Amino acid sequence: MAFSINVNASALSALRNLDNTNRSLNTTQTHINTGLKISSAKDNAAVFSIAQKLRGDLRGLNAVKQSLDRGISTVDVALAAANAISDLLLEMKEKAVAAADQGLDSTSRQALTQDFRALRDQISTIIENASFNGTNIIDGGTDQIVAITNADATQTLSVAHENLTLGSSAIPIDATQEIGTLSDAALAVTEVGQAINNLNAVLTRLGSGAKALEQNRIFAGTLSDVIEVGIGNLVDADMAKESANLQALQVKQQLGIQALSIANQSPQQILSLFQG
């Protein structure tokens with residue numbers, strides 16, 4: 001090997017190797033600090049692009065879960081109200097049937113009438129309070145539930161409005177319904193019975209809607225978990241492997257510094273050629 005004081009090839013080679021080691025060490029330290037083996041497009045453009053697309057889907061699914069949660073809560077409130085109304089109708093039917101007894105004295109009939117009125121008025125109170133986040137799907141309005149079910153918001157699940165107000169097609173009892181006379185009581189028995197049947201159908205529809213919303217919520221949660229795991233498989237660093245690499249690179253760095261130090265001393269050998 002030629003001796004030169006202008007170029008120290010050994011030192012240049014040692015320095016180049018040390019730079020490579022330092023770059024690898026910096027990369028490994030970044031992986032450990034961030035927990036990611038791919039944290040930007042420069043690490044791996046294709047994989048980073050795929051991961052970002054999946055992150056977008058994940059954010060979309062978070063919105064889907066929120067939409068479904070709101071829908072579920074709204075239907076749960078409506079179901080609770082409808083169940084309460086159903087119980088009131090059962091009590092009202094009992095009062096109406098009792099009032100239809102021809103042998104009933106006036107005092108008892110008056111007491112039954114007062115009870116019937118109180119139960120009737122409670123229906124309106126329950127309906128007025130059966131809202132969630134400003135949405136009431138059993139009052140006289142037109143609110144309905146339209147929940148998104150996919151990350152692109154191109155698919156929805158709807159639960160229709162059900163009018164349970166007094167005098168509606170579902171609840172034919174009007175706000176002035178009485179059982180003070182035999183004819184009124186007989187009419188009330190018929191209309192309350194019809195209201196009970198109609199309300200059972202409403203409960204079935206609301207229950208089916210609630211179940212569909214919950215099933216979609218479960219699926220959205222499962223899909224979200226799967227995507228999150230998939231993103232981790234693509235970009236997360238293997239911390240056990242990175243820890244082993246870190247220790248190996250630290251040793252390699254120390255050896256590289258020693259090699260560079262030895263290489264830097266080699267020009268001193270040229271001086272011995274000129275010593276007498």
Side-chain angles (χ1 to χ4, degrees), residues 67-147 156-214:
S67 178
L68 290 169
D69 285 339
R70 286 193 299 271
I72 291 170
S73 296
T74 303
V75 176
D76 284 345
V77 171
L79 277 171
N83 282 325
I85 293 171
S86 179
D87 292 338
L88 291 174
L89 289 174
L90 294 177
E91 292 188 55
M92 290 172 67
K93 183 173 183 180
E94 181 181 2
K95 305 300 181 184
V97 170
D101 184 356
Q102 296 183 11
L104 194 67
D105 63 87
S106 60
T107 301
S108 298
R109 188 179 301 280
Q110 182 63 27
L112 289 171
T113 300
Q114 293 295 330
D115 289 344
F116 186 89
R117 289 173 181 169
L119 295 170
R120 178 199 65 198
D121 293 342
Q122 285 184 51
I123 293 177
S124 296
T125 301
I126 289 173
I127 292 173
E128 290 174 2
N129 295 320
S131 63
F132 177 82
N133 196 33
T135 301
N136 191 326
I137 62 171
I138 62 170
D139 63 2
T142 58
D143 290 346
Q144 62 176 333
I145 295 170
V146 183
T156 59
L157 177 63
S158 301
V159 179
H161 187 90
E162 302 284 353
N163 188 352
L164 299 184
T165 58
L166 295 176
S168 65
S169 58
I171 310 293
I173 305 163
D174 60 42
T176 61
Q177 184 75 51
E178 296 284 350
I179 57 171
T181 65
L182 285 174
S183 59
D184 287 343
L187 178 61
V189 170
T190 300
E191 291 186 345
V192 170
Q194 184 62 47
I196 291 172
N197 292 334
N198 293 344
L199 187 55
N200 287 337
V202 170
L203 285 168
T204 298
R205 290 193 292 270
L206 290 176
S208 297
K211 185 174 183 179
L213 288 169
E214 289 177 354

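Quantities reported herein were computed from a predicted structural model and do not represent experimental measurements.
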Any sub-3.5 Å donor-acceptor pair from Arg70's side-chain atoms to Phe132's backbone N or O? no
Using every non-hydrogen atom in the two residues, find where Ser158 and Val146 come nearest and quote the distance to one decimal. OG-CG2, 3.8 Å
For residues Asn198 and Ile171, determine if any side-chain heavy atom of one lies less than 4.5 Å from a side-chain heavy atom of the other. no
To the nearest 0.5 angstrom, please state how far the CD1 atom of Ile127 sits from the CD atom of Glu162. 12.0 Å
Heavy-atom closest pair (Ala96 atom, Ala185 atom, distance to 0.1 Å) is O-CB, 3.8 Å
Is there side-chain contact between Asp139 and His161, with at least one heavy-atom pair below 4.5 Å? yes
Side chains of Asn133 and Thr74: does their closest heavy-atom pair fall under 4.5 Å? no
Asp87 side, atom CG; Gln122 side, atom CD - distance, nearest 0.5 Å: 11.0 Å
Test Ile123 against Met92 for side chain to side chain contact (heavy atoms under 4.5 Å, CB included), laying out the working first. CA-CA 11 Å; Ile123 293 177; Met92 290 172 67; 3.8 Å; yes
So, Ser124 side chain and Arg120 main chain: donor-acceptor pair closer than 3.5 Å or not? no
Which atom names give the shortest non-hydrogen contact between Ala130 and Ala81, and what distance separates them? CB-CB, 3.6 Å
Going from CG on Leu213 to CG on Leu157, what distance comes out if it is rounded to the nearest 0.5 angstrom? 5.0 Å
Got a donor-acceptor contact below 3.5 angstrom from the Asn163 side chain to the Ala170 backbone? no
Output yes when a side-chain donor or acceptor of Arg117 lies under 3.5 Å from a complementary backbone atom of Glu178, and no otherwise. no
Just do the side chain to side chain contact (heavy atoms under 4.5 Å, CB included) check on Ile173 and Leu89 with the steps written out, would you? CA-CA 10 Å; Ile173 305 163; Leu89 289 174; 3.8 Å; yes
Below 4.5 Å, heavy atoms only, C-beta onward: do Ile137 and Leu206 meet side chain to side chain? yes
What's the verdict on side chain to side chain contact (heavy atoms under 4.5 Å, CB included) for Leu203 and Asn83, showing C-alpha distance, side-chain angles and the deciding distance? CA-CA 8 Å; Leu203 285 168; Asn83 282 325; 3.5 Å; yes
CD of Gln114 to CD1 of Ile179: how many Å apart, nearest 0.5 Å? 10.0 Å
Taking all atoms of both residues into account, what is the closest heavy-atom pair of Asp101 and Arg109, and its distance? O-NH2, 3.3 Å
I'd like to know if the side chain of Asp143 reaches the main chain of Asn136, judged simply by a donor and an acceptor atom lying under 3.5 Å from each other, with no hydrogens or angles considered. yes
Test your reading of the model: is there a side-chain donor-acceptor pair from Ser86 to the backbone of Ala82, 3.5 Å cut-off? no
To the closest 0.5 Å, what do you measure between CD (Glu191) and CG (Asp184)? 10.0 Å
Nearest-0.5 Å distance that lies between atom CG in Leu90 and atom CD1 in Ile85: 12.0 Å
Determine, stepwise, if the pair Ile126 / Ile138 fulfils side chain to side chain contact (heavy atoms under 4.5 Å, CB included). CA-CA 10 Å; Ile126 289 173; Ile138 62 170; 5.5 Å; no
